[in-house]
There are 2 protein chains.
Amino acid sequence: MLHDPAQLDLMFQALADPARRQMVDRLSRGPASVSQLAEPLAMSLSAVVQHLNVLEASGLVRTEKLGRVRTCRIEPQALRAAEHWINERRLAWERRLDRLGDFLAETKDEP
Amino acid sequence: MLHDPAQLDLMFQALADPARRQMVDRLSRGPASVSQLAEPLAMSLSAVVQHLNVLEASGLVRTEKLGRVRTCRIEPQALRAAEHWINERRLAWERRLDRLGDFLAETKDEP
DNA sequence: ACAATACTGAAGTTATCGCTTAACTATTGT
DNA sequence: ACAATAGTTAAGCGATAACTTCAGTATTGT
């Protein structure tokens, strides 16, 4: 259920923005509140919340609110899905190159 | 030289569009001309060329023109760089979880 | 030489993005 | 009770993105 093309779309779109990638990077070192995520970013808290919503909609980040603080954490399964998409394409290409190499090697010294 | 944040930015931005991912997908099965790339896409050839330029600027695709046909192929190194970025963040998170698990296991049955 | 092919480039349009400000709600600390 | 903290929501705005059409340029096949 993670290969849903619509979800993949949201994930890559989410990763396309440098601020959002910075947020993911921060979260890869551990959970954080919204203000903690915002702290290194040169933009309003409001803007950060909007980025966070994009990340959450994409499935890359999950958040949980306790009292007045919203704690955010990475969803590794979603990261894995994006990773997997790229990996499959790259491997398909590289396997193709290998087969081509074999073919050339076999054909080289023939009658 | 592949971890240049600007290049990473271009790559993720390039992958954010479904049409461009479809083009990358097609190219993962082997080189193709611009028209071949355009064929399954419901848009003008001109639009495809624009997408292709984005892909090329990002380093994900390399093209070469012979006569009147431009042949496009995937650049696996660039794909690997994007893959790597995601992988590092995911692993950082998972290692963190592991350490946390170890800590809890050690602390569990103590005086 | 002429027509068809395979792009290329510019201009214009519409929609979406990434922000800002401002006003608001809910929780917590004194 | 009051103020400070933490986040939310809506409106608006300028910039960019994803197209379109149309007019052009090389190349190639007949």
Side-chain angles (χ1 to χ4, degrees), chain A residues 5-27 30-75 82, chain B residues 5-27 30-74 78 82:
Chain A
Q7 198 71 11
L8 215 49
D9 221 87
L10 291 173
M11 283 191 298
F12 278 113
Q13 214 159 122
L15 290 174
D17 188 272
R20 285 192 294 260
R21 279 206 310 284
Q22 207 177 322
M23 291 165 75
V24 168
D25 185 50
R26 167 61 188 82
L27 290 176
S33 70
V34 176
S35 337
Q36 283 174 326
L37 280 182
E39 197 250 331
L41 298 171
M43 65 180 72
S44 74
L45 188 63
S46 203
V48 172
V49 170
Q50 288 170 59
H51 280 306
L52 186 54
N53 290 338
V54 173
L55 285 169
E56 198 169 11
S58 79
L60 285 166
V61 165
R62 186 167 45 89
T63 76
E64 182 184 14
K65 193 156 184 175
L66 272 175
R68 64 183 165 179
V69 32
R70 182 162 156 204
T71 305
C72 314
R73 60 193 78 237
I74 262 185
E75 201 60 76
Chain B
Q7 198 72 8
L8 214 49
D9 223 85
L10 292 173
M11 284 192 298
F12 278 113
Q13 211 158 131
L15 289 174
D17 187 274
R20 285 193 295 260
R21 278 206 311 285
Q22 207 177 321
M23 291 166 76
V24 168
D25 185 50
R26 165 64 187 82
L27 290 176
S33 71
V34 176
S35 336
Q36 284 175 325
L37 280 182
E39 197 250 332
L41 298 171
M43 66 180 71
S44 74
L45 188 64
S46 206
V48 172
V49 170
Q50 287 170 58
H51 280 306
L52 186 54
N53 291 339
V54 172
L55 284 169
E56 198 169 13
S58 78
L60 285 167
V61 164
R62 187 167 44 89
T63 76
E64 182 185 13
K65 192 156 185 174
L66 273 175
R68 64 184 162 176
V69 32
R70 181 162 156 206
T71 305
C72 314
R73 62 192 79 238
I74 261 184

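These numbers come from the heavy atoms of this one structure, side chains and all, not from hydrogens, waters or symmetry mates. Because the structure is a prediction, the values reported are computed rather than measured. Letters A, B, ... mirror the listed sequences (proteins, then strands); counts begin at 1.
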Tell me the interatomic distance from [X], atom [atom1], to [N], atom [atom2], rounded to whole angstroms.
X	N	atom1	atom2	answer
A/Glu56	D/dT8	CD	P	9 Å
B/Met43	D/dC19	CE	P	4 Å
B/Met23	D/dC19	CE	P	11 Å
B/Arg68	D/dA26	CZ	P	15 Å

key: Whichever of A/Leu66 and A/Arg20 has its nearest DNA chain C nucleotide further upstream toward 5'   =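 Looking at the nearest nucleotide for each, A/Arg20 comes out on the 5' side.
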
query = How do B/Thr71 and A/Ala47 order along DNA chain C: which one's closest nucleotide is nearer the 5' end?
reply =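 Closest to the 5' end, via its nearest nucleotide, is B/Thr71.
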
task = Assess whether one donor atom and one acceptor atom, taken from the side chain of B/Ser44 and the base of D/dT21, lie less than 3.5 Å apart.
result =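 Flag unset: no donor-acceptor pair detected.
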
inquiry  = So which atom in B/Leu37 and which in B/Pro40 form the shortest heavy-atom distance, rounded to 0.1 Å?
reply    =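 Of all heavy-atom pairs spanning B/Leu37 and B/Pro40, the closest is O-CD, 3.3 Å.
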
inquiry  = By the 4.0 Å heavy-atom rule, please label A/Ser46 as base, sugar-phosphate, or nothing.
reply    =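 Base, at least one base heavy atom under 4.0 Å.
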
inquiry  = Just to be sure I understand the rule, does B/Gln13 reach a base, reach only the sugar-phosphate, or reach nothing, if contact means heavy atoms closer than 4.0 Å?
reply    =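 Counting heavy atoms under 4.0 Å across all strands, the contact made by B/Gln13 is with sugar-phosphate only.
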
Hey, is the main chain of [Y] close enough, under 3.5 Å, to the side chain of [X] for a donor-acceptor pair?
X	Y	value
B/Gln7	B/Ser58	yes
B/Arg21	B/Leu15	yes
B/Arg20	B/Ala14	yes

Upstream residue (5' side of DNA chain D) when B/Leu45 and A/Arg70 are each assigned their closest nucleotide =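 The residue closer to the strand's 5' end, by nearest nucleotide, is A/Arg70.
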
message = Does B/Glu39 form a salt bridge (charged side-chain N to carboxylate O under 4.0 Å, His left out) with B/Arg26? I'd like the steps, not just the answer.
response = CA-CA 11 Å; B/Glu39 197 250 332; B/Arg26 165 64 187 82; over 6 Å; no

request  = From the options A/Val54, A/Leu41, A/Ile74, A/Val61, select the one residue that forms a side-chain contact (heavy atoms from CB on, under 4.5 Å) with A/Met23.
outcome  =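 Answer after filtering A/Val54, A/Leu41, A/Ile74, A/Val61: A/Leu41.
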
task = Shoot me the first and last contacting nucleotide of DNA chain C against chain A, ordered 5' to 3', at under 4.0 angstrom to non-hydrogen atoms.
result =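 Going 5' to 3' along DNA chain C, contacts run C/dC17 to C/dT28.
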
